[in-house]
Amino acid sequence: MQNFVFQNRTKIIFGKDTETSVGEESAVFGKKLLLHYGGGSIKSSGLYDRVITSLQEQGIEIFELSGVQPNPRVSLVREGVSICKENNIGFILAVGGGSVIDSAKAIAAGAKYEGDVWDFFTGKQPVEECLPIGVVLTIPAAGSETSGGTVITNEEGLYKRATGHENMRPQFAILNPVLTYTLPSYQTACGITDMIAHILERYFTNEKNVELTDRLCEATLKTIINNAHTVINEPTNYNARAEIMWAGTIAHNDSLSTGRIGDWASHDIEHEISGIYDIAHGAGLAIVFPAWMKYVYKHDVNRFAQFANRVWDVEIDLNNLEKTALAGIKKIEEFFRSIGMPVTLKEANIADEHFDEMAKKATERWPLGNFVKLHEEDVRQIFNLAR
Ligand code: NZQ
Ligand code: ZN
């Protein structure tokens, strides 16, 4: 096991009606905030009104910036940075999903920086200071509610890039599973796929003695798999929604990374797809992950056989571990398909015209991944496997 430091400062407030505490939690950070949200789901669900009431009860002055799109854009981030600077705003409240939270995090860093916020995403400038942010989560998926990362798309060149810092972790995250009842089943499935991918990125490691985190990963995966069809078929099933919501946070709060080095190539490859084609991140991962698995499984057939056996209950064939490993990859593909995800590029109406560009962009800064290092040609092969 590797040495590690684990610290996740985000206070989690979980359960029914918890959004009513948002005013009290926010007031700790001052009497002025930027309320950041997306395209309208929080208005139609009534959540917006409840948040405003709770903030007003605390006498908080509210500035608003809405319109965050899935795959959030740097142009709106720049707008948010200007609003914060011009009005001397000291706190950002993100109400929504990963896109809103990521946009809020980028604004939080940009508000404390003299230069252009995109500098953080090109590597020109590391993130140092950030405004504090708080979250009311409406979709369990990205795990951004406790992560120290943000992913933003630059419309110029269609670059989707990530950056991060410990100071970006939200101060608090309010998680009420009831708020997820209104999710369309496609978005629920994208979220489920993303949280599974966050665990798999950590699971496929070259570190040998990590039994505890292996088993925590497997337990979280099994919980997600066991509850996935329930939340899709019964959107108002509180217990299943609660399991999925908490699993989404556990998947990405970094406790499952302790003592091990994760891979993350599939995420980087997916960001090229959603950067150009603007598809949901989860759908992109359902396509990329099985292809990545097929490309790399021979690197550690034992680990892939363990995954097949412990997560998917595939019987281990000791005379043919490769067969067991491949059966596990088939299981995850079938699972993604069963929840309505595309598992090939064709199913997402994506042809091969940008394979070269995407492979080049994905690897132009450094090779991808840690489990197996991937170069431009490897990424092109993975796109070919995902056709
Ligand atoms: O904009 P509104 O109207 O709110 O609609 C949203 C949006 O269209 C809708 N939605 C959210 N909650 C809802 C709802 N609709 C009905 N009822 C609700 N309760 O869902 C749509 C998708 O929302 P989005 O925030 O884009 O989803 P998600 O949470 O999956 O976030 C995806 C983004 O997170 C990034 C992804 O790359 C992608 O850009 N990621 C961020 C990470 C991080 N910061 O740690 C890690 C992840 O790997 C990921 O890369
Ligand atoms: Zn993800």
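Note that the structure is predicted; figures quoted are calculated from it, not measured. One-based numbering, in listed order, for ligands and for the atoms of each.
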Query raised in the report: Regarding E166 and Q7, is there a side-chain donor-to-acceptor distance under 3.5 Å anywhere?
Result: no

Query - Charged tip of K11 within 45° of F172 ring normal and under 6.0 Å - result: no

Report task. Identify whether the distance between the nearest side-chain nitrogen and carboxylate oxygen of E376 and K360 falls below 4.0 Å. Result -> no

**Report entry** Aromatic centroids of W264 and H252 separated by under 6.0 Å
**Finding:** yes

Requested in this report: Ignoring hydrogens and angles, state whether a donor on the side chain of T188 or R241 is under 3.5 Å from an acceptor on the partner side chain.
Outcome: yes

Report task. Could you grab the protein N, O or S atoms closer than 2.8 Å to the Zn ion (ligand 2) for me? Result -> D194 OD1, H198 NE2, H267 NE2, H281 NE2

Query raised in the report: Which ring-ring contact (aromatic ring centres under 6.0 Å, His included) pairs, counting each pair once, include a residue from residues 331-350, with sequence neighbours left out?
Result: H229-F335, W312-F335

Query - Amino acids in close contact with ligand 1, where any non-hydrogen atom sits under 4.0 angstrom away - result: G38, G39, G40, S41, P70, N71, P72, G97, G98, S99, D102, T138, I139, A141, A142, S144, S147, G149, T150, V151, K160, L179, T182, L183, P184, Q187, D194, H198, H252, H267, H271, H281

**Report entry** Sequence neighbours excluded - salt bridge (charged side-chain N to carboxylate O under 4.0 Å, His left out) pairs with any residue from residues 117-142
**Finding:** K112-E129, D119-K124

Query raised in the report: Any side-chain donor paired with an acceptor under 3.5 Å for Y203 and Q306?
Result: yes

Report task. For residues E315 and T324, report the shortest heavy-atom separation together with the two atoms involved. Result -> O-CG2, 3.8 Å

